[in-house]
S.K.: 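Dropping the structure in here first, questions after.
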Amino acid sequence: MRKITKAVIPAAGLGTRFLPATKAMPKEMLPIIDKPTIQYIVDEAIESGIEDLIIVTGKGKRAIEDHFDNAFELEYRLMDKEKLELLTEVQRSSSIDIHYIRQKEPNGLGHAIWCARRFIGDEPFAVLLGDDIVVSEEPCLKQLIQFYEQMNASIVGIQPVKESETHRYGIIDYTEQMGRLYRVNKFIEKPTKGTAPSNLAIMGRYILEPEVFDFLEQQEKGAGGEIQLTDAIQRMNEVRPVYAYNFHGTRYDVGEKLGFILTTIQFALQNDELRTPVLSGLKEILQEEKMLKIV
Ligand code: G1P
């Protein structure tokens, strides 16, 4: 059995849903409270035992590299002012080596992963998408790694979504369910409304065997005219089984405005310092809204 030590984090998307904020700043650097979303993802990878990380970037993404680099001047100032807690936080983000590669054309998620093929080589590897933050006792990726180690087969993280939302995700059609594990008949990327075979959606965490690159290599375009990772996984599934695992944990969608706002509120309510003032702020807002008969 091969150990999973490498992970790919695609971060080349244009972030159009958050324009104009993302005109000069990568969407992956938008913070939930005080931490950029991409750092939640990198932390999960590290806590799951990943040793080598590659981030696939694009134009205008330099702030990501700076964030995970040392910041001598800032660190010196924090040390000088004895702000040691902040210093530890700042140093934590530069504690692992991250590699970068650029996706030169915005050709979709499948193409972004394909860009990392030389870094991955002939090993099974992890993929983490930045739009999904997962909070769980055991890191989500670690749960998938444990299954890979038992089954020796590619595995994709899933969770149920509302029927009305299935068209936004990769959806599975399964033949067999063994507890939280599913034997997948078909992976379908963004099925048109009303055609989804289930409500089990791919949630941005994957353990893939390197053979997936043979299918990505064909560069066939799928949903939205883009090269889709889900399509390559489905083609691989036709020759070697790919499983799906309904992981434990709460998933937060930070890839669109409403999800981002709600995640910020929920994370603030879980924060010891912020919980009480945020609750009273929310109460005031709700009272005002009631007076205006809006809610
Ligand atoms: C991507 C994947 C999709 C998955 C989703 C999860 O879509 O292609 O299969 O369900 O992430 O967030 P995107 O949201 O990038 O369009």
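Numbers here are sequence positions counted from 1. Counting convention: from 1, in listed order, for ligands and their atoms alike.
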S.K.: So which protein heavy atom does atom 2 (C) of ligand 1 come closest to, and at what separation?
M.R.: E189 OE2, 3.6 Å
S.K.: Should G170 be counted as touching ligand 1, given the test is an N or O pair under 3.5 Å?
M.R.: yes
S.K.: Considering residues at least two apart in sequence or located in another chain, which fulfil the side-chain contact (heavy atoms from CB on, under 4.5 Å) criterion with R77?
M.R.: E73
S.K.: Please check if any side-chain donor atom of Q266 sits under 3.5 Å from a side-chain acceptor atom of Q270, or the reverse.
M.R.: no
S.K.: Does atom CZ of R62 have more than 12 heavy-atom neighbours from other groups under 6.0 Å away?
M.R.: no
S.K.: Within the structure, is a non-hydrogen atom of R168 found at a distance of less than 4.0 Å from ligand 1?
M.R.: no
S.K.: Tell me whether the rings of Y252 and F267 are parallel (<30°), tilted (30 to 60°) or perpendicular (>60°).
M.R.: perpendicular
S.K.: Of the backbone atoms (N, CA, C, O) and the side-chain heavy atoms from C-beta on, which set of L129 has a member under 4.0 Å from an atom of ligand 1: side chain, backbone, both, or neither?
M.R.: side chain
S.K.: Pick one of side chain, backbone, both or neither for how T230 approaches ligand 1, counting any non-hydrogen atom pair under 4.0 Å.
M.R.: side chain
S.K.: Please report whether atom 7 (O) of ligand 1 has a protein non-hydrogen atom at a separation of less than 4.0 Å.
M.R.: yes
S.K.: Would you mind checking which non-hydrogen protein atom is closest to atom 10 (O) of ligand 1, with the distance to 0.1 Å?
M.R.: I202 O, 2.7 Å
S.K.: Is the shortest heavy-atom distance from the side chain of M25 to the side chain of L30 under 4.5 Å?
M.R.: yes
S.K.: Side-chain atoms of residues 14-24: list all donor-acceptor pairs with protein atoms under 3.5 Å, sequence neighbours left out, distances to 0.1 Å.
M.R.:
unit_1 : atom_1 : unit_2 : atom_2 : d
R17    : NH1    : G255   : O      : 3.1
T22    : OG1    : G15    : O      : 2.8
T22    : OG1    : L19    : N      : 3.4

S.K.: May I ask you to identify, for D132, whether its side chain, its backbone, both or neither come under 4.0 Å of ligand 1 on a heavy-atom basis?
M.R.: side chain
S.K.: If you measure from each heavy atom of L109 to ligand 1, is any distance below 4.0 Å?
M.R.: yes
S.K.: As an exercise, identify every atom of ligand 1 less than 4.0 angstrom from a heavy atom of K190.
M.R.: 7 (O), 13 (P), 16 (O)
S.K.: If you count heavy atoms of other groups shown closer than 6.0 angstrom to CD of Q150, is the number above 12?
M.R.: yes
